[in-house]
Amino acid sequence: MTLLQVKGLGKSYNSETQVLKNVDFEVNAGEFVSIIGPSGAGKSTLLRCINRMVEINEGKVIFDNADVGSLKKKELRKLRTNIGMVFQHYNLVPRLTVIENVLHGRFGYKTTMQGIMGRFTEEEKEHAFMLLKKLGIEDHAYKRCDQLSGGQQQRVGICRALIQEPKLVLCDEPIASLDPNSSKVIMDHLKSITTDMGITCLVNLHQVEVAQDYSDRIIGLRKGEIVFDGPSKLLHEDQINHIYGTELRELITV
Amino acid sequence: MTLLQVKGLGKSYNSETQVLKNVDFEVNAGEFVSIIGPSGAGKSTLLRCINRMVEINEGKVIFDNADVGSLKKKELRKLRTNIGMVFQHYNLVPRLTVIENVLHGRFGYKTTMQGIMGRFTEEEKEHAFMLLKKLGIEDHAYKRCDQLSGGQQQRVGICRALIQEPKLVLCDEPIASLDPNSSKVIMDHLKSITTDMGITCLVNLHQVEVAQDYSDRIIGLRKGEIVFDGPSKLLHEDQINHIYGTELRELITV
Amino acid sequence: MEAGRTNDLPYIKRTKDGRINIKSGNKIDLVVKWTLIILSILTVMAFFFFNYIGLQWDRAIPETAHNLRVMFLEPALNHFSWGEAFYQVGITVGLGVLATVIGAVIALFLALMAAENLSRPWISKSIRAVVAVIRAVPTVLWVLIFAIAAGLGSEAAVLGMLFHSTAYLVKAFSEAFEEVDAGILEALRATGANWWHVVTHGVLPSTFTYILSWVFLRFEINFGVAVAMGAAAGAGGIGFELFMASGFYFDLREVGFITYAILIIAVVLEIISTQLKNRYFPASTNN
Amino acid sequence: SEDSEGAGAAEVDDVINIVWYPNESGNDMKASRDEIGRVITEATGKEVEHQLTTDYAIAIETLINNNADLAFMGAQGYIEAKNGNDAVTPLVVPSGESGTLDDAIYYSWLAVNVDDQDNYKVDGEFSLDTIAGKNFSFVSNSSTSGFVVPSSSILAHFNEQEEYADLVQEDLMEGGPLFEQVLFGGSHQGSAVNLLNGNADVAAFCDTCVENYVDVAEGDVNTVGAVYKVKDDAAEPFNTVTGKEFTLMSVTPVLNAPFAANLDVLGQEDFDTLKALFTSDEVANNEKIFVPEDSGEPGLFFKSADERFVEAEDSWFDPIRELSK
Amino acid sequence: MNEKKMRKSRMQTVVFLLIIIIVTYLSAAITEFNFLDGLATIPKALGWMAGNLLITAETLERLPAIMEKLLETIFMSIAATTIAAILSIFLGLMGSKTTKVNNIFSIFARLIASISRNIPVVAWSLILLISFGQNSVTGFLALFVGTLGFLTRAFIESIDEASQDAVEALQATGATYFQIVNKAVIPQSLPQMLSWILFMIETNIRSATLVGILTGTGIGYTFDLYYKSLNYNAVALVTITIVIAVLIIDSISNRIRRVIL
Ligand SMILES: Nc1ncnc2c1ncn2[C@@H]1O[C@H](COP(=O)(O)OP(=O)(O)OP(=O)(O)O)[C@@H](O)[C@H]1O
Ligand SMILES: Nc1ncnc2c1ncn2[C@@H]1O[C@H](COP(=O)(O)OP(=O)(O)OP(=O)(O)O)[C@@H](O)[C@H]1O
Ligand SMILES: [Mg+2]
Ligand SMILES: [Mg+2]
């Protein structure tokens with residue numbers, strides 16, 4: 001079943017440079033897709049077009065049969081509740097507790113008033129704790145987020161995305177700020193979201209090896225265009241070189 | 001020829017804990033000595049007692065026939081010009097250029113006014129460039145120090161110590177903040193200071209292997225007491241265990 | 001769902017009525033909460049405590065609106081000329097510059113003595129205490145004292161403003177100095193450098209941009225103070241004209257004109273200082 | 001401030017500083033001030049500097065602390081300056097129409113708005129009893145005609161009543177003891193405007209300070225019950241209250257304001273020169289100093305008959321001294 | 001070439017110092033300021049203070065009245081600050097890059113901040129005094145306007161600096177604007193804002209003296225009255241109460257700040 005269709009997507013922030021050009025692909029429910037490409041290729045922009053964190057200039061994004069580009073404000077909120085997002089810098093509110101940050105994922109289901117008053121049902125709270133337990137950070141639930149390590153914070157970020165009960169999770173370089181150990185933990189968790197919970201995952205990655213290890217399918221982006229789209233196994237040395245161009249060597253030393 | 005004599009040195013910052021207890025050793029001119037020991041053993045304190053950056057409580061330090069503990073302010077400055085110091089965090093003035101930072105090493109030879117005005121002779125400047133060249137960073141001479149990598153900054157730190165034309169260089173964990181490559185470069189340079197220029201070096205180190213590789217002689221410190229003092233070859237597994245106690249395992253994972 | 005089972009999970013905190021708690025209840029939140037509560041209570045109390053004598057809202061509000069309109073939409077000069085206005089603004093700026101520059105120079109030395117990492121504890125403590133008291137004395141009092149004792153004129157205005165400026169900058173500067181990495185100071189001392197060397201080549205270059213931005217900020221403040229204090233101290237300036245226009249002639253149009261003049265100068269000063277800061281100082285390698 | 005004689009050694013220098021009260025610091029008085037400065041320079045050969053002030057106290061203290069040579073100050077200000085520094089001496093006083101000290105007086109008024117005047121009458125006569133609990137406007141607490149004189153007459157009246165027997169001058173400076181609220185206009189004009197724009201119910205100010213702005217509408221000048229009307233073309237600050245009328249509920253004569261000198265700073269020689277200069281016919285006939293009253297020009301002093309500067313002794317001010325005791 | 005660059009930067013320093021010296025010299029010229037004369041008056045001023053600013057037993061009788069005025073001033077400062085803070089939060093949200101609704105509001109908010117901050121408090125006091133008369137509300141309003149400008153600017157900075165990431169994340173969950181502001185922006189920047197509020201309260205008590213003189217309210221008015229009647233003993237007492245109040249409030253807010261920041 002096709003969950004997401006991107007058709008002829010084009011995007012530019014200013015008139016000079018076209019960040020995305022005629023991007024076309026489809027994602028089926030339950031897939032785990034990695035997007036790779038050099039810095040500035042437009043990976044982040046692509047993810048942000050999908051939940052319309054940035055406006056779409058050309059083409060269409062169709063998610064769950066809805067045309068994302070034409071949604072009204074209210075429908076857009078509804079769409080976003082169906083799409084979780086995980087960030088490189090976790091993007092938590094550092095002064096609030098872990099559990100509060102997780103519950104922020106429920107705002108999409110609340111009226112403004114409920115949200116402002118911070119009214120969450122007991123079920124929601126229990127659900128949050130369940131997720132924390134699943135990701136192994138239940139002991140930190142009442143700690144402030146800035147007291148956690150990077151890997152722990154990212155797990156909070158994942159919980160926040162999951163409590164939305166999304167159909168799709170977008171991850172923008174979820175492990176770029178983490179050490180190898182934590183990275184492995186996070187990638188394992190993301191993978192299990194797809195395998196255990198059946199939630200589709202779209203992950204931006206810098207590390208080609210990680211992408212190859214974890215994902216079924218890889219999309220290679222270069223200067224805003226898709227230059228590779230296929231199963232991980234088919235991504236070979238020369239494709240990688242094609243994606244990263246001459247930048248590959250620099251990339252590896254980083 | 002004995003350059004440095006430490007006799008019955010005792011030091012405590014507060015009445016509760018004795019940081020150094022009855023430390024006795026001698027260093028000959030031209031030696032390259034490493035001091036190893038667990039965190040908190042008193043390695044840094046020991047170095048700082050030698051150029052009296054901290055006051056000596058008990059015992060004596062005799063450097064180049066002068067009793068360090070009893071020097072007056074002016075004599076102390078004179079002593080310090082004869083002892084260079086290299087730090088873990090380089091301790092450069094980040095906003096100033098490399099060459100300026102190197103020339104700071106000449107302050108000990110200046111009157112207050114000369115120093116304030118930053119008047120350095122042409123010879124001093126040429127000497128500075130020569131040292132930068134020797135350490136392979138002459139191209140960065142006019143860069144601000146905060147634009148350099150850690151390894152490069154440490155080399156600036158070494159130049160600053162060398163331009164003092166010291167008889168002894170004290171290094172407090174010079175490679176603890178560096179990656180393995182840079183560490184090797186720095187240790188090679190330090191070693192060459194002793195071998196090529198004949199300057200005595202006293203180096204605090206965390207890495208036992210590095211100490212064994214580079215130094216003629218190793219002093220093992222534990223809880224403020226010398227528990228090993230001898231040629232590197234004689235430092236065996238059981239001595240290492242004795243120095244680090246049960247802390248060894250933790251230390252290695254750090 | 002299985003509420004019975006989750007009840008006794010050790011990592012879930014519950015309120016008395018059995019609901020799940022999501023606040024950590026740490027000290028910071030508590031202090032913030034209570035500070036806000038107390039401030040709100042005090043604010044509400046304040047309105048009971050005020051004296052409202054002679055206040056007629058129904059007259060005051062429309063009148064203020066009317067006055068503001070006259071001021072801002074019909075500014076005019078009636079009692080002095082453009083040239084005079086320009087000159088008077090110059091005097092006010094001049095007073096601000098003098099108080100700031102002299103204050104900054106004095107503050108620089110005092111701050112070196114007040115910084116804990118550069119000075120002896122007792123010197124630093126005593127300077128801090130004195131400076132705190134000086135800062136607590138309103139500038140008006142200093143100005144009046146000097147106006148009385150030293151006679152009317154710019155000396156009184158500048159000296160009066162100087163006290164507060166200096167005290168303010170000593171605090172700011174010494175805090176900046178204290179943030180200088182202890183390692184830098186240690187390294188310089190270890191080369192045999194003396195105190196002055198350490199200060200001129202280690203401390204000042206590291207804090208130069210902070211010092212400048214504090215000086216600029218203080219200059220903005222001093223300009224505002226000079227408007228008020230120049231007049232009181234008999235040093236003249238645009239503040240005297242403002243006082244005359246409003247307190248004596250009740251000439252709103254002129255007040256409007258003067259206000260514009262001050263506003264323009266203040267905005268220009270703000271722009272200049274941000275430009276200077278952005279353009280030159282983050283990148284410069286001063287010594 | 002008894003002990004401030006010692007404040008700094010005074011020296012006679014070659015600049016003569018003249019301090020002006022806020023009332024005389026306006027730009028419309030500039031021509032008069034400059035002319036006085038000019039004749040002084042001519043007579044003494046010394047440069048004259050005018051020091052304009054925004055309040056009375058600073059002006060007084062400046063003279064006390066040997067920071068000025070001359071000040072044109074109210075009688076009360078003079079007395080305070082004299083208390084603070086014995087070297088302060090009256091130089092001259094502007095005379096009345098007769099050209100002598102006899103009528104060197106002006107008048108301190110208590111005024112109320114015409115429309116409200118009945119509120120201040122008991123049995124058809126104005127009575128001070130009615131001002132208790134009202135909003136009152138003075139000029140400044142160092143002003144002779146704007147505070148000292150009116151407050152002492154008010155006190156004299158109320159102290160006879162049991163309820164107010166303990167009332168002292170300071171109680172009149174703040175709302176509460178007698179008045180609902182006390183305002184200070186900062187200048188005579190300001191106090192008058194306080195009354196006319198409704199901020200105050202009753203105001204104290206003097207006749208000469210507002211004569212440029214008002215015309216008598218009813219009754220005789222300087223008599224109780226006279227009604228004054230603000231001229232239609234009145235200059236600021238009265239331009240916002242043109243056409244309004246007030247009436248006098250009390251009129252008290254006050255001694256004219258002197259030019260006071262600080263002998264230590266001015267020096268006896270210059271003091272004598274200036275005394276001769278000021279009392280000369282030349283100054284008395286100088287139309288920039290004594291502006292002809294019908295010219296409509298603004299000025300510090302006006303000439304309708306034989307006005308001139310005359311000498312005055314310190315003891316001449318004793319009546320005012322009595323008031324503030 | 002690099003040597004040149006270094007020379008240039010040294011030149012820049014010299015030019016900069018020269019400019020400062022010239023500007024200072026011009027300022028001294030236009031204001032007829034003589035530094036040495038000024039210096040010479042300091043002992044005189046200190047002598048005058050020692051001679052006149054004495055607290056006598058007689059003046060202590062005025063303490064209750066002074067305390068009442070001081071309290072009024074403190075209340076005035078607190079109320080002006082908190083109310084300005086409430087408004088400033090809205091202006092700050094409008095003005096900040098992260099939370100702005102649109103550019104027009106953002107410019108509007110910054111404009112308000114700039115105008116109310118840069119028009120001197122003297123001018124506000126005088127304008128307000130004309131129509132509001134001589135009561136606490138005038139003083140309150142005069143303090144309020146200046147505080148509003150200052151806090152808005154400070155809040156814009158706090159909001160900008162504190163919350164960009166979290167705002168983005170909450171937008172992505174489908175949260176509404178007010179939910180985001182309330183649950184991400186405010187909690188994150190509140191301590192910083194509170195610190196500014198405390199700073200402003202202290203500043204306002206000090207400037208309330210000036211505002212009080214100008215508007216005839218609070219402790220400033222008392223100060224002015226005593227000073228104008230040349231009653232310096234009482235002036236000294238008033239000053240000391242102000243100093244003590246400021247020091248106490250300063251130390252309380254320092255303590256709070258140390259915990260929350
Ligand atoms: N908000 C924005 N406004 C203007 N230009 C932008 C904006 N965000 C991104 N860009 C530009 O769009 C291009 C693509 O950026 P994008 O962040 O999507 O790349 P990326 O592949 O995610 O790179 P990275 O790996 O560095 O995160 C870049 O040239 C970037 O400068
Ligand atoms: N300035 C100081 N004041 C008080 N105690 C100090 C001070 N410096 C060091 N100490 C204490 O002295 C002991 C020895 O410290 P020192 O820094 O010499 O150890 P070290 O061997 O250099 O450790 P590390 O490997 O962590 O640098 C420690 O317990 C430390 O806490
Ligand atoms: Mg990106
Ligand atoms: Mg150490």
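Sequence lines set the chain letters: A, B, ... in the order given, protein chains first and strands last, and positions in each chain run from 1. In what follows, every heavy atom counts, from backbone to side chain, and hydrogens, waters and symmetry copies are set aside.
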Practice item. Look up atom CG in L204(C) and atom CZ in R95(B), then write down how far apart they are to the nearest 0.5 Å. Key: 12.5 Å
Revision key, fill the gap. N51(B) and A190(C) have their tightest heavy-atom pair at ND2-CB, 3.9 Å
Check your understanding: With D29(C), which residues qualify under side-chain contact (heavy atoms from CB on, under 4.5 Å), at least two apart?
Key -> S24(C), N26(C)
Point to revise | Which portion of R106(B) sits near chain C, non-hydrogen atoms under 4.5 angstrom | key: neither
Point to revise | Heavy-atom pair with the smallest gap, counting every atom of S206(C) and V93(B) | key: OG-CG1, 3.5 Å
Review point. Is any side-chain heavy atom of H104(B) less than 4.5 Å from a side-chain heavy atom of T191(C)?
Key: no
Practice item. Can you see which heavy atom on H197(C) is nearest to which on T111(B), and at what distance? Key: NE2-O, 3.1 Å
Review point. Does NZ belonging to K134(B) count more than 12 external heavy atoms closer than 6.0 Å?
Key: no
Review point. Do you know which of V180(C), D181(C), L188(C) has the most heavy-atom pairs under 4.5 Å to chain B?
Key: L188(C)
Check your understanding: What part of I184(C) lies closer than 4.5 angstrom to a heavy atom of chain B: side chain, backbone, both or neither?
Key -> both
Point to revise | Whether over 12 other heavy atoms sit under 6.0 Å from F25(B) CZ | key: yes
Check your understanding: Within a reach of under 6.0 Å around OH of Y13(B), are more than 12 heavy atoms found that belong to other residues, nucleotides or ligands?
Key -> yes
For a quick test of your reading: what N or O donor-acceptor pairs under 3.5 Å do the side chains of residues 164-173 of chain B make, sequence neighbours left out?
{"from": "Q164(B)", "atom 1": "NE2", "to": "R80(B)", "atom 2": "O", "distance (Å)": "3.0"}
{"from": "Q164(B)", "atom 1": "NE2", "to": "T81(B)", "atom 2": "O", "distance (Å)": "3.3"}
{"from": "Q164(B)", "atom 1": "NE2", "to": "I83(B)", "atom 2": "O", "distance (Å)": "3.2"}
{"from": "K167(B)", "atom 1": "NZ", "to": "D64(B)", "atom 2": "OD2", "distance (Å)": "2.5"}
{"from": "D172(B)", "atom 1": "OD1", "to": "S44(B)", "atom 2": "OG", "distance (Å)": "3.3"}
{"from": "D172(B)", "atom 1": "OD1", "to": "N204(B)", "atom 2": "ND2", "distance (Å)": "2.9"}
{"from": "D172(B)", "atom 1": "OD2", "to": "S44(B)", "atom 2": "OG", "distance (Å)": "3.0"}
{"from": "D172(B)", "atom 1": "OD2", "to": "R48(B)", "atom 2": "NH1", "distance (Å)": "2.9"}

Point to revise | Contact origin within I116(B) toward chain C - heavy atom pairs under 4.5 Å | key: both
Review point. Between N194(C) and R77(B), is any pair of side-chain heavy atoms under 4.5 Å apart?
Key: yes
Revision key, fill the gap. Heavy atoms of P205(C) and L96(B) approach each other most closely as CB-CD2, 3.6 Å
